[in-house]
Structure formats: structure tokens, C-alpha cells
Amino acid sequence: MDNQKLAQLLFPAITGTPEDLQRQFPPRDLPEGAKVTRMGPSPTGFIHLGNLYGAFVDERMAHLSGGTFYLRIEDTDDKRYVEGAVETITSSLAFFGIGFDEGACSDGAYGPYFQSQRAEIYQTFVKDLVRRGLAYPCFLTEEDLARIRAEQEANKETTGIYGRYAEKSRSLTLEEIEDNLRQGKSYVIRLRSSGNTEPDGSVRYIHVKDAIRGDVSMPANDQDVVILKATGIPTYHFAHVVDDYLMRTTHVVRGEEWLMSLPIHIELFEKLGLEPPVYCHTAVLMKLDEETGNKRKLSKRKDPELSLDYYRSEGYHPQAVKEYLMTILNSDFEEWRAANPETPLEDFPFSTEKMNSAGALFDLNKLNDISKDVLLGIPARELAGFLTDWAALARPELVPLFTDADTGYGPDYLTKILDLGRSGNKPRKDLIYGRQIFDFIGYFFDEYFRVEETIPENVSDEDAREILRRYLDTYDHSDDQGQWFDKIRAIAVDMGYAAKPKDYKKHPEDYKGHVGHVSTVIRLAVMGRTQSPDVWEIQQILGEDRTKARLRALLV
RNA sequence: GGUCCUAUGGUCAAGCGGUUAAGACACCGCCCUUUCACGGCGGUAACCCGGGUUCGAUUCCCGGUAGGAUCACCA
């Protein structure tokens with residue numbers, strides 16, 4: 001077989017060579033040790049927590065080393081394309097403070113960054129492979145493939161085109177190929193694999209140093225995998241090898257679902273004579289399945305928390321999600337964070353070697369706990385803005401209350417609410433995420449104020465009314481916190497409640513209850529609930545009119 | 001089924017041949033306290049099983065078991 005002729009027959013339009021391309025995209029001019037990473041999403045527009053997890057690793061590796069992080073759209077499967085996907089991807093990541101240095105979003109010197117626009121580049125490499133006898137056209141139809149598969153399954157053999165199953169296509173003569181081409185038969189280009197059998201008949205293994213998993217070894221590839229689809233567009237495997245080489249990627253971060261195709265990629269790099277990057281195969285994010293009690297991969301359909309939109313619509317602060325992700329990524333991050341509460345996340349010495357190769361369970365509790373601390377570190381004014389942004393997305397009807405002082409509320413009001421109890425050396429950590437925050441502070445807005453709990457058991461209805469009446473009678477909005485509470489204490493004592501809970505605990509028979517029960521009644525009247533931050537401070541925020549109105553409402 | 005990965009409390013995890021087996025979240029109790037939260041103190045709770053190697057295995061090796069991943073002209 002004249003491979004030179006075959007190559008020319010198959011790719012008459014390709015005139016360049018791999019060497020030309022290598023010259024066209026020379027090694028990047030970066031400092032020693034700088035890492036070049038990339039994110040390669042398919043443009044379905046759906047971007048989930050797993051993507052963010054990976055992108056975060058990419059971004060940290062690149063930027064911690066003074067390298068480059070770029071975006072490449074892997075749209076070799078035209079069926080998947082969704083309009084506006086690039087915008088969705090970049091804006092989703094931007095929300096979490098992850099930005100690309102170059103790529104599909106902003107261009108750069110190593111493009112094009114859409115695989116669909118790189119057909120000529122791939123074909124240049126394929127043509128070279130054909131020319132060297134390392135790849136060949138295959139005219140097997142879907143039916144042929146199905147038949148082979150059925151036979152293999154019946155024989156309990158590995159499925160695929162390899163060994164003797166590849167022979168027919170591999171041994172096609174130039175004339176047969178020409179003939180097929182003339183008939184307009186559809187074909188793919190397959191790699192002519194060297195197989196994985198040693199001369200002595202044993203299986204040959206590949207050994208790869210994975211930056212997360214350490215030494216990994218598995219049987220070398222023996223499949224004549226498809227490298228160029230009938231459309232002339234490469235499969236993922238081939239595109240990965242060509243692109244990551246030409247774009248001078250130093251570290252490929254991808255999910256462990258790719259681990260099994262590593263032998264293919266290694267063989268492809270070998271045949272192409274190119275240096276493979278360092279691989280970093282990340283663990284899959286897991287979740288405990290309620291039904292089976294087993295760990296399972298987070299699923300797009302069953303688990304809303306996989307979607308990044310979930311965090312946006314729930315109102316999680318991006319920083320909280322990031323910090324949570326970092327605790328999963330590098331477990332010593334929590335310790336570091338405790339020692340460096342003020343230091344930006346970017347200063348943490350992240351490393352792939354500290355990553356765990358087992359799949360971590362997604363832990364919402366932990367995220368919430370981290371979120372409390374993160375929100376505490378954000379000034380109330382800024383938090384008000386964040387909450388307003390969240391409301392615009394998830395609860396648009398709240399936006400006027402947060403932004404418009406004419407509603408009787410507005411941004412200053414909201415800021416005061418959010419800052420409640422956060423000063424001092426033992427600040428409250430009530431705020432977790434948007435939806436939860438509004439549940440927590442809703443009573444500050446008359447439209448959402450509702451008395452939803454009942455008075456303590458040991459306070460009679462008559463006493464409750466009496467407490468409120470006396471409280472309203474003596475209410476002076478300018479009282480300081482001490483004066484204010486003295487009045488409550490006076491009401492309590494006067495009505496037969498202990499001034500101190502301890503007195504009541506010691507001699508419960510002497511009292512109806514204690515001052516805490518009395519203030520609970522007030523709390524219920526003003527806040528609509530029995531649990532809340534300091535009543536006096538809340539009243540100061542509510543203002544005199546609103547406070548009194550709520551008290552009166554219960555007395556009529 | 002083949003191949004590969006993984007295996008420490010409910011969860012995330014330190015550990016890397018000799019430890020009273022860290023820590024964090026969650027949970028429980030106590031203290032602080034007008035409620036709640038915060039904070040402080042304390043507590044329950046773990047090395048998958050079986051063989052080796054070794055004076056000694058959570059740690060190393062082999063086997064099992066379990067869970068996960070993957071076996072496309074999808075990425």
C-alpha cells in the first residue's frame with residue numbers, strides 16, 4: 001500500500017505539515033515552572049459544580065504559578081451545541097471569581113479555541129499519520145459494528161475494533177478504498193494501534209505519573225479507535241492530544257471518568273511524537289443516595305445542588321462555595337483558614353498532591369457552616385448589595401423593599417438589619433444564604449410580618465395582654481438598653497414573674513415564670529416569633545411607629 | 001463480565017511500622033444568657049474482612065468484600 005498516495009487521496013486539500021503547526025504555535029514565553037491549564041467544556045451550556053470544581057483547580061494551578069488558564073470549547077459533537085453557551089460558561093465562572101486569561105471568550109495567540117474551527121489542524125496531523133501508515137480509513141457501517149459487537153459479547157470478549165476485528169479494514173487495498181470513495185461510502189479514520197502484547201505474549205502496560213493519584217498503570221491501548229469521524233471532525237481523544245499539545249497545555253485537569261481512556265491518549269502522543277502533558281485526574285463529587293444508602297455520583301437530574309444555578313438562586317455567596325470547594329480540594333485548607341482568617345483565598349498554597357483521589361461526599365452542612373463565617377467577614381453594606389442582587393434573581397418582589405427608601409425601608413434599613421449583632425467580640429453568625437437570610441429577617445418588613453408562634457405555656461392569655469399593655473404604656477423609644485430592660489423586669493416582678501431565671505429555677509413554686517417568659521411575649525408581639533436577636537436593637541431598627549403599631553395590633 | 005480507582009467515626013479528613021488514632025462539620029450535655037445565635041468546656045462515635053511480612057501492623061504485600069469509574073463516529 002502506498003501510504004503517501006492514500007494520504008493524498010484522503011486529504012487532497014491539506015498541504016501543511018505537523019511541523020508547520022508546531023512552528024506556528026511555539027512554546028509559550030512564560031517563567032520557569034509556570035503552568036498552563038485549560039477548561040474544555042462542551043457547549044451544552046449546562047455547567048455544574050463538578051465543572052466549577054475542576055475549573056477551580058485549573059485556575060489555581062495556573063495563577064499560583066504565574067501561568068495561563070484558557071477556555072477551549074470542545075464542540076466536536078455538533079448535536080450538543082446550545083446557543084449562548086460560551087457566555088453562560090464564562091459568566092457562571094465569573095460569578096465565582098474565576099476568569100480566563102485567553103480562549104474562546106477573549107481570543108489569544110493559540111487559537112482558534114473552538115474545536116469545530118480547527119478541522120484543518122486536526123486533519124493535518126491525521127494526514128501525517130496516514131502517510132506514515134499509522135492510521136487508515138474504515139468503511140464499517142453501523143450494522144457492521146453492531147454485528148461485531150454482538151459476536152464479541154457472545155464470546156465474552158472485549159468489544160471494539162482491535163486485533164483480528166480490525167484486520168479487514170486495515171488490509172483494504174488502495175483500489176478498494178478508491179472504489180468505496182467513488183461510491184460515496186461514509187468512512188472514519190482509525191488509529192492503527194500497535195496493540196498491547198509484548199513479543200513474549202504478555203500484556204504491555206503503560207505507566208503514568210498522575211499529579212493527583214501518583215503512579216497509575218494499566219494495559220496499553222490496543223483499540224483502533226476512531227480519530228476522525230465521518231464528518232471530518234476528530235473525536236475527543238484526538239482533539240485533546242492535538243490541542244493540548246499545540247496550545248502548550250502543561251497540565252490537564254479532568255475528571256476520573258477519563259482515566260480509562262488514558263492509554264489511548266498515551267498511544268496517540270507516542271504515534272504523533274509529541275510530549276504528553278501532566279495529567280491530573282480529579283475525583284468525582286458524590287452524594288449519599290437516600291434510597292440505597294450508597295455513595296453515588298451527583299446527578300444532573302436528581303440533585304439540584306449539582307447545578308451552579310442552585311447556589312445562585314438559593315443565594316449562596318460565591319466566596320462561600322469557593323471556600324467550601326477548597327476544603328474538599330485540600331483538606332489542610334480549613335486549618336490554614338483558621339490561622340489566616342483575613343488572608344485572601346488566593347494566597348493559600350494549593351497543591352494537586354494534597355488532593356484526595358477518592359470521591360468526596362458533598363456536604364451541605366459543611367457548606368453552611370463555612371458560609372456563616374464567610375458572610376461574617378463581609379461588611380453589612382456589601383452584604384445588602386449581595387442580597388439585593390440575589391433578590392433580583394430569585395425574589396424580584398423584594399427588590400423595592402431593599403432598594404427604595406420610599407417603601408419605608410430601603411438599603412440603609414436593610415444594612416442595619418444585616419449588621420444586627422455582628423459587632424463585638426462574639427458576633428452572631430445567623431446569616432447563611434439569601435433564601436435563609438430573608439426567612440430570618442422577614443419580620444422587619446410589615447408585608448412579611450406574621451405572628452406564627454404561641455406564647456409560653458406558663459403565661460396565661462390574660463397575662464400576655466397585660467404584659468403588652470404595660471409594656472406599651474411605659475414604652476419610651478429613647479430608652480437605652482439598660483433602661484428598657486429594667487422596665488421589663490419591673491413588669492415581670494410586678495406580675496409575679498421572677499426577675500432572674502435562676503430564681504425561678506431554684507423556686508419554681510414561687511413564681512408564674514421568669515423575666516424570659518415576659519420578654520418572650522414581647523418578642524412574639526414585635527417579631528412574630530419566640531427566637532430572635534436582641535429585642536431592643538430590633539426595635540431601634542424598626543423604629544418607634546412600627547414597634548408600637550405591632551403592639552397595639554395585638555391589644556385591640 | 002474485563003480493566004482501573006478507592007476503603008480511618010454519620011460526613012470531610014490527619015496519619016505514612018510503635019500514637020491515649022489529630023482536627024473540622026453534624027449530634028448530645030453543661031456553662032454563658034431575657035429567647036435564639038455566638039462563644040467556652042465536655043461527651044458519644046472509626047482504622048471493611050482474611051491471610052502473610054515483621055519483635056510489632058491502621059500503615060507494607062497478597063486475596064476477598066464493598067463502593068465508584070469506564071468499556072461510542074459523546075465529551
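Every chain is numbered from 1, with letters handed out A, B, ... down the list of sequences.
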Distance check needed: [N] [atom2] versus [X] [atom1], whole Å only.
X	N	atom1	atom2	value
Leu228(A)	A72(B)	CG	C1'	16 Å
Asn196(A)	C4(B)	CG	P	11 Å
Tyr279(A)	C4(B)	OH	P	19 Å
Ile89(A)	A75(B)	CD1	P	15 Å
His265(A)	C4(B)	NE2	P	18 Å
Leu259(A)	U70(B)	CG	P	11 Å
Arg254(A)	A69(B)	CZ	P	17 Å
Arg422(A)	C38(B)	CZ	P	15 Å

[atom1] atoms of [N] and [M], separation to the nearest Å:
N	M	atom1	result
G1(B)	C12(B)	C1'	34 Å
G9(B)	U53(B)	C1'	29 Å
G64(B)	C55(B)	P	28 Å
G17(B)	C28(B)	C1'	37 Å
A24(B)	A13(B)	C1'	8 Å
U20(B)	C61(B)	C1'	29 Å
A22(B)	A14(B)	C1'	6 Å
A75(B)	A69(B)	C1'	15 Å

Verify, without hydrogens or angle tests, whether [X] (side chain) and [Y] (backbone) share a donor-acceptor contact under 3.5 angstrom.
X	Y	answer
Lys127(A)	Phe11(A)	yes
Gln223(A)	Tyr162(A)	no
Glu267(A)	Ser194(A)	yes
Asp332(A)	Glu335(A)	no

I'd like to know if [X] and [Y] make a salt bridge, using a cut-off of under 4.0 Å between side-chain N and carboxylate O.
X	Y	result
Arg147(A)	Asp144(A)	yes
Arg422(A)	Asp419(A)	yes
Asp224(A)	Arg192(A)	no

Would you say [X] places a side-chain N or O within less than 4.0 Å of OP1 or OP2 belonging to [N]?
X	N	result
Tyr205(A)	C4(B)	yes
Lys229(A)	C74(B)	yes
Ser331(A)	A14(B)	yes

Going by atom types only, do [X] and [Y] share a side-chain donor-acceptor pair under 3.5 Å?
X	Y	answer
Arg72(A)	Tyr70(A)	yes
Asn368(A)	Tyr316(A)	yes
Glu157(A)	Tyr165(A)	yes

Please give me the minimum heavy-atom distance between Val130(A) and Leu10(A), naming the atom from each residue.
CG1-CD2, 4.3 Å
When the ring centroid of Phe438(A) is compared with that of Tyr448(A), is the distance short of 6.0 Å?
yes
With a cut-off of under 6.0 Å to the ring centre and 45° to the axis, is Arg529(A) in cation-pi contact with Tyr443(A)?
no
What nucleotide, of A26(B), C4(B), A75(B), holds the atom closest to the side chain of Asp369(A)?
A26(B)
Name the nucleic acid region contacted by [X], choosing base, sugar-phosphate or nothing; use a 4.0 angstrom heavy-atom cut-off, strictly under.
X	answer
Ser261(A)	nothing
Arg213(A)	sugar-phosphate
Leu140(A)	base

Asp215(A) or Lys156(A), whichever maps to the more 5' nucleotide of RNA chain B
Lys156(A)
Of Lys366(A) and Phe139(A), the one whose nearest nucleotide on RNA chain B sits closer to the 5' end is Lys366(A)
Runs of at least three consecutive pairs that involve RNA chain B, where pairs are Watson-Crick or G-U with distances under 3.5 Å
B:1-7 with B:65-71, B:10-12 with B:23-25, B:27-31 with B:39-43, B:48-52 with B:60-64
In B/S/- notation (B base, S sugar-phosphate only, - none; protein heavy atoms under 4.0 Å), nucleotides 30-37 of chain B written 5' to 3' is --S-BBBB
Using a cut-off of strictly less than 4.0 Å between a heavy atom of the residue and any atom of RNA chain B, enumerate the qualifying residues of residues 232-244 of chain A by number.
Tyr236(A)
In terms of the angle between their ring planes, are His265(A) and Tyr279(A) parallel, tilted or perpendicular, with boundaries placed at 30° and 60°?
parallel
